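Take a look at the structure set out below.
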Number of protein chains: 2
Amino acid sequence: MTATPQPPTKAQLLELVAALGTAQWQDFAAAAARHGLTSVQAKLLAQLKGPVPMRGLATLLVCDASNVTGIVDRLESRGLVRREPDPRDRRVKNVVATDEGLETIQRVRAEMQATHSALDALDEEERTALYGLLERLRPGLERRG
Amino acid sequence: MTATPQPPTKAQLLELVAALGTAQWQDFAAAAARHGLTSVQAKLLAQLKGPVPMRGLATLLVCDASNVTGIVDRLESRGLVRREPDPRDRRVKNVVATDEGLETIQRVRAEMQATHSALDALDEEERTALYGLLERLRPGLERRG
DNA sequence: TATTGTTATACTCTATAACTATA
DNA sequence: TATAGTTATAGAGTATAACAATA
């Protein structure tokens, strides 16, 4: 049942990881677009487990703070987020997802059909193995280069 | 040596795949930027193993054909690609990477430091296992949703 | 008629620089 | 002085619609 596979070269593995990263990103962008959201708008919405300062959003999105103003403006005009003053520092504005915003991003996640069906190709044991391996990859990947 | 890990929920695995996909994409974008390329310009360059018609590039990049004109214009003005007439169909223009274009995209690949160091966290056996699992994911992920 | 590539247009994302209000 | 958020600006990516050349 279990043949011995040839070890892939590092370049092959790199290319496969890159291809899947791109495919996953496009799947996310397509799901967001079905709800009238750009990728970045959906990405921002996905960060809002709780209130996050504008500045913190810039860090999470890996972009300049000046961009966040416009992205939040557009989400706010659609009623998906709102700005709240920070009680401790009057310079800070905290961004919070509205109920509609939370519902929308939840639907986007649910509609990542390509990613979902890809994961369905694995049984539970394989998903556990994959999860463990990806967890090992995470510290290196999320380090700033 | 091998503890029995808890199976992750599908949502957990989905979130991890999404996080790593994003991180890998940002790593690629950062490496491209160091060479004065946008993500999309680098992505286009990475497709050019041989001559590709403008229309084919639009399909590969999952964007409208009208966008490809400008992207190729900018790459061509920097000497990284050139347009060639297609001998069989005079409507078609084939895009080809120049030597400088090939060298540049090769360097971008080599400079994806976060991705490289992430892969270095695994030994050969683990990389083989990961490769096998990701290969299983590929057909689902690359399907158009 | 259909297809390829292009142009024109409008919107969004992006970084840089300068501004304001707070700290 | 330093920091948070904004504004102004310019370049790039994006889709839509319309066009010329070719099939």
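Per chain, numbering begins at 1; letters A, B, ... match sequence-line order. Keep in mind that this is a model prediction, so the values were computed, not measured. Computed over heavy atoms, backbone and side chain alike; hydrogens, waters and symmetry mates excluded.
- Atoms CD and CG, from B/Gln41 and B/Leu61 in turn, are 11.0 Å apart once rounded to the nearest 0.5 Å.
- Distance check, rounded to the nearest 0.5 Å: CE of A/Met54 to CG of A/Asp86 gives 13.5 Å.
- A/Arg127 pairs with exactly one of B/Thr9, B/Leu133, B/Leu13 by the side-chain contact (heavy atoms from CB on, under 4.5 Å) rule, that one being B/Leu13.
- Atom CG of A/Asp89 is separated from atom P of D/dA4 by 8 Å (rounded to the nearest Å).
- Taking every nucleotide of DNA chain C with any atom under 4.0 Å from a non-hydrogen atom of chain A, the first and last of them, 5' to 3', are C/dT12 to C/dA23.
- Within residues 53-61 of chain A, no residue places a heavy atom under 4.0 Å from DNA chain C.
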**OP:** Step by step, work out the side-chain contact (heavy atoms from CB on, under 4.5 Å) result for A/Lys93 and A/Glu84.
**Re:** CA-CA 6 Å; A/Lys93 294 177 188 173; A/Glu84 295 182 344; over 6 Å; no
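- Atom CD of residue B/Glu15 and atom CG of residue B/Leu20 lie 10.5 Å apart, to the nearest 0.5 angstrom.
- Within 4.0 Å of A/Asp86, counting heavy atoms only, lies no atom of the nucleic acid at all.
- We find that CG of B/Asp73 is positioned 13 Å from C1' of D/dG13, with the value rounded to whole Å.
- The base of D/dT7 does not come close enough to the side chain of A/Thr69 for any donor and acceptor atom to sit less than 3.5 Å apart.
- Using a 4.0 Å cut-off between charged nitrogen and carboxylate oxygen, B/Glu135 and B/Arg138 count as a salt-bridge pair.
- Residues A/Thr38 and A/Ala65 both approach DNA chain C. Their nearest nucleotides, taken by heavy-atom distance, put A/Thr38 toward the 5′ side.
- Looking at heavy-atom distances under 4.0 Å, B/Ser39 makes no contact with the nucleic acid at all.
- To the nearest 0.5 Å, atom CZ of residue A/Arg78 and atom NE2 of residue A/His35 are 10.0 Å apart.
- If you take CD of A/Glu76 and P of D/dG5, they are 13 Å apart, rounded to a whole angstrom.
- Separating the CG atom of A/Asn67 from the P atom of D/dG5 is a distance of 14 Å, rounded to the nearest angstrom.
- With values rounded to the nearest 0.5 angstrom, A/Leu45 atom CG is found 11.5 Å from A/Ile71 atom CD1.
- With rounding to whole Å, A/Gln26 atom CD is found 11 Å from D/dA15 atom P.
- Rounded to a whole Å, the CG atom of A/Asp64 is 15 Å from the C1' atom of D/dG11.
- Within the model, atoms CG of A/Leu60 and OG1 of B/Thr22 stand 11.5 Å from one another, a figure rounded to the nearest 0.5 Å.
- When the P atom of D/dA4 is taken as reference, atom CD of A/Glu84 falls 19 Å away, rounded to whole Å.
- Judged by distance alone with a 3.5 Å cut-off, a donor-acceptor contact links the side chain of A/Arg91 to the base of D/dT3.
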